[in-house]
S.K.: 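I'd like to ask you about the structure that follows.
In each ligand, atom 1 is the first atom listed, and ligand 1 is the first ligand listed. All figures in this text were calculated on a predicted structure; none of them were measured in a lab.
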Amino acid sequence: MSKLKLEHSPEQKLQHPVFDQAGVEVFVKRDDLLHPDVSGNKWRKLKYNLELFYNSNYTGVLSFGGAFSNHLVATAAACAELEIPCVGIVRGLHVDLENDSLSRCRSFGMRLIPVEIKVYDQLARFSTANSEVFRNSLSDLADELPNYLAIPEGGANAFGKQGCAEIVEEFHNEYDLVMCPLGSATTFCGLLSALSEKQKGIAVAALKGVELEHFVEQKLDEFAVKPKCEWEVIQEDKFGGFAKINQELIRFKEDFETHFSIELDYIYTCKMFFHLFDMVKNGQIKRGSRVLCIHTGGLQGNSSIKKRYRLKQISVRN
Ligand SMILES: *Cc1c(COP(=O)(O)O)cnc(C)c1O
């Protein structure tokens, strides 16, 4: 994706009495600052997918996402900047196409096509738009679609993993622990592919009700990643599951943002930092450890979550 050239994201030390007391050093890698719209790990995951676009004869990009998808917004913004025609297949016929995320997609020129959930779940498995299912389901696009590159939901493929592995190459310090949020596990697999045997990877799940260890092992297999390091996945057992929030999380987010002047998203990074504080307070992180958390971005989703939960629209400025 040579035309969308970006600097390395900065690493920043987080000062907090809780960390001092535990003798733990905490840093954050600010992938949220990589690009104003191609957010965080979604940029990482798009990078080699879009390189494939340039190395082939595709005429456009097609991808998939839910009503508040960070990935669709990132794809739309990247394609706008690179002047690539793009289509977003949206999960569900009754989603609000006027919500903030999908309006943003459209403002970047993405053509949105909502489809039935059943059809969506079928289509999202394909890596090429040149199949019978696509032609039947999206008949008014039948002529264009065969030449479109289909990027899976969330950029969750081996190219996505490859882009995320590069996060580790950019590290300025030696870290004992590297933490990230976990959705499709693509980012975590990328990190695990690049961490050394002296390091440990920890992922904090954004979803619940999944056999997480097994899920990550399957993903590692799928991407043929054999981690050299130890790893662990932390369950989302406090907030009720994907995109669910409660008063405790809202309070934590406000305190965090006030203290550090770094905005978090509710769905992923807020839960990661919540669990980090939990682990540090409970003595689960060895004294003398140096921890790096990846801020994977996703801030565009905050306005929709606030509307859903009727929260005040306050934003943090750095
Ligand atoms: C998509 C997303 C994730 C999840 O990444 P996976 O690679 O799917 O595990 C984490 N954080 C943010 C902000 C995201 O948008």
Side-chain angles (χ1 to χ4, degrees), residues 9 28-49 63-78 91 100-101 104-105 124 151-168 178-194 201-208 210 212-213 215-220 222-223 225 231-236 241-243 245 249 253 262-276 293-305:
S9 68
V28 55
K29 185 159 173 62
R30 301 288 308 273
D31 269 15
D32 56 315
L33 301 179
L34 276 175
H35 188 281
D37 300 299
V38 191
S39 176
N41 67 343
K42 298 303 183 283
W43 184 84
R44 304 275 183 187
K45 295 196 276 183
L46 280 170
K47 181 177 173 183
Y48 290 103
N49 275 295
S63 199
F64 307 89
F68 307 109
S69 169
N70 291 331
H71 166 71
L72 276 190
V73 175
T75 305
R91 188 169 193 268
D100 291 348
S101 306
R104 211 164 275 147
C105 287
I151 299 177
E153 184 181 60
N157 60 8
F159 293 117
K161 184 253 338 171
Q162 186 186 356
C164 291
E166 291 180 351
I167 298 172
V168 177
V178 177
M179 272 179 107
C180 73
L182 181 119
S184 70
T186 312
T187 305
F188 192 44
C189 288
L191 292 174
L192 293 182
S193 74
I202 298 182
V204 179
L207 53 156
K208 74 172 205 181
V210 185
L212 287 174
E213 241 101 87
F215 175 64
V216 172
E217 271 161 14
Q218 272 182 333
K219 285 295 184 175
L220 287 168
E222 182 187 324
F223 297 140
V225 172
W231 58 270
E232 182 185 345
V233 198
I234 293 170
Q235 288 282 355
E236 205 294 41
F242 189 72
I245 64 176
L249 192 75
K253 183 172 180 292
I262 296 174
E263 187 177 358
L264 302 178
D265 82 300
Y266 290 99
I267 299 176
Y268 295 104
T269 53
C270 195
K271 291 180 180 177
M272 169 181 68
F273 279 111
F274 185 95
H275 281 283
L276 169 74
C293 298
I294 315 294
H295 192 320
T296 44
L299 304 177
Q300 70 82 26
N302 280 348
S303 57
S304 306
I305 292 272

S.K.: For ligand 1, is His71 a contact, meaning one of its heavy atoms is under 4.0 Å away?
M.R.: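 False for this residue.
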
S.K.: Find the distance between OG1 (Thr269) and CG (Asp31) and round it off to the nearest 0.5 Å.
M.R.: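 That separation rounds to 11.5 Å.
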
S.K.: Does some non-hydrogen atom of Leu182 fall short of 4.0 Å from ligand 1?
M.R.: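 It does, in that a heavy atom of Leu182 comes within the 4.0 Å cut-off of ligand 1.
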
S.K.: Run the side chain to side chain contact (heavy atoms under 4.5 Å, CB included) check on Ser9 and Leu34 step by step: do they pass?
M.R.: CA-CA 6 Å; Ser9 68; Leu34 276 175; 3.9 Å; yes

S.K.: Is any side-chain heavy atom of Phe273 less than 4.5 Å from a side-chain heavy atom of Tyr268?
M.R.: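 Sidechains of Tyr268 and Phe273: no contact.
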
S.K.: Restricting to ring pair (Phe, Tyr, Trp, His ring centres under 6.0 Å), what partner residues turn up for Phe159, sequence neighbours left out?
M.R.: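 With sequence neighbours excluded, Phe159 shows a ring pair (Phe, Tyr, Trp, His ring centres under 6.0 Å) to no residue whatsoever.
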
S.K.: Nearest 0.5 Å please: distance from the CG atom of Asp32 over to the CG atom of Leu264.
M.R.: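 It is 8.5 Å, given to the nearest 0.5 Å.
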
S.K.: Please determine whether any non-hydrogen atom of Ala156 lies less than 4.0 Å from an atom of ligand 1.
M.R.: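 In this structure, Ala156 fails to qualify as a contact of ligand 1 - no heavy atom is under 4.0 Å.
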
S.K.: What is the distance from atom CZ of Arg104 to atom CG of Asn70, rounded to the nearest 0.5 Å?
M.R.: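 One gets 10.0 Å once the value is rounded to the nearest 0.5 Å.
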
S.K.: Which of the atoms in ligand 1, numbered in the order shown and given with their element, are less than 4.0 Å from a heavy-atom of Gly298?
M.R.: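 What qualifies from ligand 1 is 13 (C).
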
S.K.: I want to confirm something. Looking only at heavy atoms, which of Lys219, Lys271, Lys42, His295 is nearest to atom 2 (C) of ligand 1?
M.R.: Lys42

S.K.: Would you kindly say whether Ser304 and Asp100 are connected by a side-chain donor-acceptor distance under 3.5 Å?
M.R.: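 Looking only at side-chain atoms, Asp100 and Ser304 do not form any donor-acceptor pair under 3.5 Å.
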
S.K.: Nearest to atom 8 (O) of ligand 1 by heavy atom, Ser39, Cys270, Ser184: which?
M.R.: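 Nearest heavy atom to atom 8 (O) of ligand 1 lies in Ser184.
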
S.K.: Looking only at distances, please establish whether an N/O atom of ligand 1 is found under 3.5 Å from an N/O atom of Pro181.
M.R.: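 For ligand 1, there is no N or O atom that lies under 3.5 Å from one belonging to Pro181.
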
S.K.: Under 3.5 Å between some N or O of ligand 1 and some N or O of Asp265?
M.R.: no

S.K.: Do ligand 1 and Thr187 have nitrogen or oxygen atoms that lie under 3.5 Å from each other?
M.R.: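 Between Thr187 and ligand 1 (N or O atoms, distance only) the closest approach is under 3.5 Å.
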
S.K.: Does Arg91 pair with Glu153 as a salt bridge, N-O distance under 4.0 Å?
M.R.: no

S.K.: Would you please determine whether Gly297 falls within less than 4.0 Å of ligand 1 on a heavy-atom basis?
M.R.: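 So Gly297 counts as touching ligand 1.
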
S.K.: Would you mind finding which of Asp31, Leu191, Asn41 brings a heavy atom closest to atom 5 (O) of ligand 1?
M.R.: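 The residue whose heavy atom sits nearest atom 5 (O) of ligand 1 is Asn41.
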
S.K.: Among all protein heavy atoms, pick out the one at the shortest distance from atom 11 (N) of ligand 1; state its residue, atom name and that distance to 0.1 Å.
M.R.: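 Checking every protein heavy atom, the shortest distance to atom 11 (N) of ligand 1 gives Thr296 OG1, 2.6 Å.
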
S.K.: For ligand 1, which is the ligand I care about here, please tell me if Gly183 has any N or O atom under 3.5 Å from one of the ligand's N or O atoms.
M.R.: yes

S.K.: So how far is it from Ile234 CD1 to Met179 CE, rounded to the nearest 0.5 Å?
M.R.: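 Atom-to-atom, Ile234:CD1 and Met179:CE are 5.0 Å apart.
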
